[in-house]
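Accompanying notes for the structure given below.
Residue numbers start from 1 in every chain, and the chains themselves are labelled A, B, ... in the order their sequence lines are given, proteins ahead of strands.
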Amino acid sequence: MSEFDWKRRHFMSAAAAAAGVVLAPGVTLYGIAAKAREADVPVTSETRWGLLIDVNRCSDGCDACVSACNEENGIEGHGRPATDAQWIRKVQLRDPRTGIEKHFPVMCQHCAEPPCVDVCPTGASFKRADGIVLVDKHICIGCRYCMMACPYKARSFIHENVSEQRPYAPRGKGTVESCTMCVHRVDAGAVPACVEACGERGNGAMLFGDLNDPDSEISQRIATYATRRIRADLGVDPGVWYQNL
Amino acid sequence: MRALVLLFVLLVVPAAAGAQEGRASGPVIPKGKGTQCVAETDYMRRFHMIELTHQRDETVHRGIRTERYSLKECVECHASVGTDGTPISINAPGQFCASCHDYAAVTIDCFQCHASKPDGSDQAGLARSLAVAAGMETVR
């Protein structure tokens with residue numbers, strides 16, 4: 001077996017080269033760790049991926065992040081909002097006294113202490129070493145305890161047969177799913193689709209990066225500006241931070 | 001004793017004949033792209049399911065994204081294209097995965113979730129995203 005000459009194709013290295021070419025001097029990566037992981041190296045807890053969302057930049061009516069997420073992960077609704085899958089949604093808050101309104105996206109908050117993981121009877125709901133909270137759909141039995149446990153209403157159940165899936169984002173009836181922080185992109189060294197779309201078509205309100213690296217853009221911003229997390233009082237230590245909320 | 005011999009003849013002779021017949025009318029398996037598989041053909045025939053489940057756990061839980069035993073890559077090489085140029089599901093009757101499995105009475109659910117056709121835009125889209133990610137200014 002070990003003698004077998006398997007002709008390796010180098011998708012990953014080709015992608016890494018593409019990233020290297022455009023890395024002109026003085027241009028820093030948009031919230032991404034410079035050290036790209038090799039395809040055969042497992043993730044470690046040295047990194048903790050997180051998001052920072054500047055609520056002041058996020059505007060009413062813009063759904064660049066939501067549509068990019070749906071496009072990337074092949075999520076299509078059936079015109080039934082109560083049961084259609086939703087990985088990211090725009091939330092609108094209004095202070096009744098002042099009338100001031102805030103708009104911002106809410107997705108899986110990628111908690112360090114995720115309640116969805118605590119309640120899962122099969123181990124399908126799990127936290128990857130680098131902090132990304134996922135459903136292993138191969139083990140998920142569709143019981144939906146995690147949906148009940150999530151304080152952020154971040155998970156969806158797939159009620160109907162799915163076809164025409166993206167090859168890198170398998171999904172199918174009878175399992176629970178939620179924002180994967182575009183794990184397939186992150187593993188290849190790219191930022192999540194919502195962050196990219198917010199920068200390109202939206203208002204540049206989203207930043208992705210390594211919360212464990214004190215020099216990362218996201219850590220620097222969190223250390224400099226007043227930020228908060230939604231329902232921090234629950235003690236679940238979310239990985240999604242909000243500025244100006 | 002005679003009863004035993006009779007039993008032997010009854011049991012073994014038809015079975016041998018069946019095996020002979022089975023070999024002649026075995027599954028017709030469409031050929032994959034390229035000249036060789038990701039491991040010896042004999043090994044793949046016998047152990048592909050073990051490699052796939054192993055790879056599945058490695059990718060989902062540990063973020064390992066090697067191509068060799070990736071299901072996505074099997075589809076890239078083993079899915080056929082119809083006469084009109086459109087890709088055919090790798091799990092459609094007579095296609096690569098189904099040809100053998102139907103013959104051996106194996107049922108897999110993989111393609112309820114996994115795309116059963118290759119998608120050329122996949123890698124191109126990601127490469128573009130990498131370029132965008134790298135070229136983007138940090139401070140906004």
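The distance from atom OG1 of B:T59 to atom NE2 of A:H184, rounded to the nearest 0.5 Å, is 13.5 Å. Between the NZ atom in A:K137 and the NE2 atom in B:H114 there is a gap of 9.0 Å [rounded to 0.5 Å]. Here CG of A:N161 is found 10.0 Å from SG of B:C113. Values are rounded to the nearest 0.5 Å. Atom CG in A:D40 sits 10.5 Å away from atom CZ in B:R62 (nearest 0.5 Å).
Interface check for chain B: of the options A:G174, A:P170, A:S163, the most heavy-atom pairs under 4.5 Å are formed by A:P170. Between chain B and the options A:I132, A:V162, A:V183, A:T180, heavy-atom pairs under 4.5 Å are most frequent for A:V183.
Of all heavy-atom pairs between A:R128 and B:H61, the closest is CG-O, 3.5 Å. Minimum interatomic distance between A:Q165 and B:A115 (heavy atoms only, all atoms of both residues): O-CB, 3.4 Å.
Looking at A:R37, its side chain never comes within 3.5 Å of a backbone N or O of B:I64 through a donor-acceptor pair.
The environment of A:Q220 atom CD is dense: over 12 non-hydrogen atoms of other residues, nucleotides or ligands sit within 6.0 angstrom. A 6.0 Å sphere centred on CD of A:E160 holds more than 12 heavy atoms belonging to other residues, nucleotides or ligands. Within 6.0 Å of atom NE2 in A:H159, more than 12 heavy atoms from other residues, nucleotides or ligands are found, so the atom counts as buried in its surroundings.
Side-chain contact between A:E164 and B:K117 is present, with at least one heavy-atom pair separated by less than 4.5 Å. A:P167 places a side-chain heavy atom less than 4.5 Å from the side chain of B:K72.
Within the 4.5 angstrom heavy-atom criterion, only side-chain atoms of A:I139, from C-beta onward, approach chain B. Both the backbone and the side chain of A:V43 come within contact range of chain B, each with at least one heavy atom under 4.5 Å from a heavy atom of that chain.
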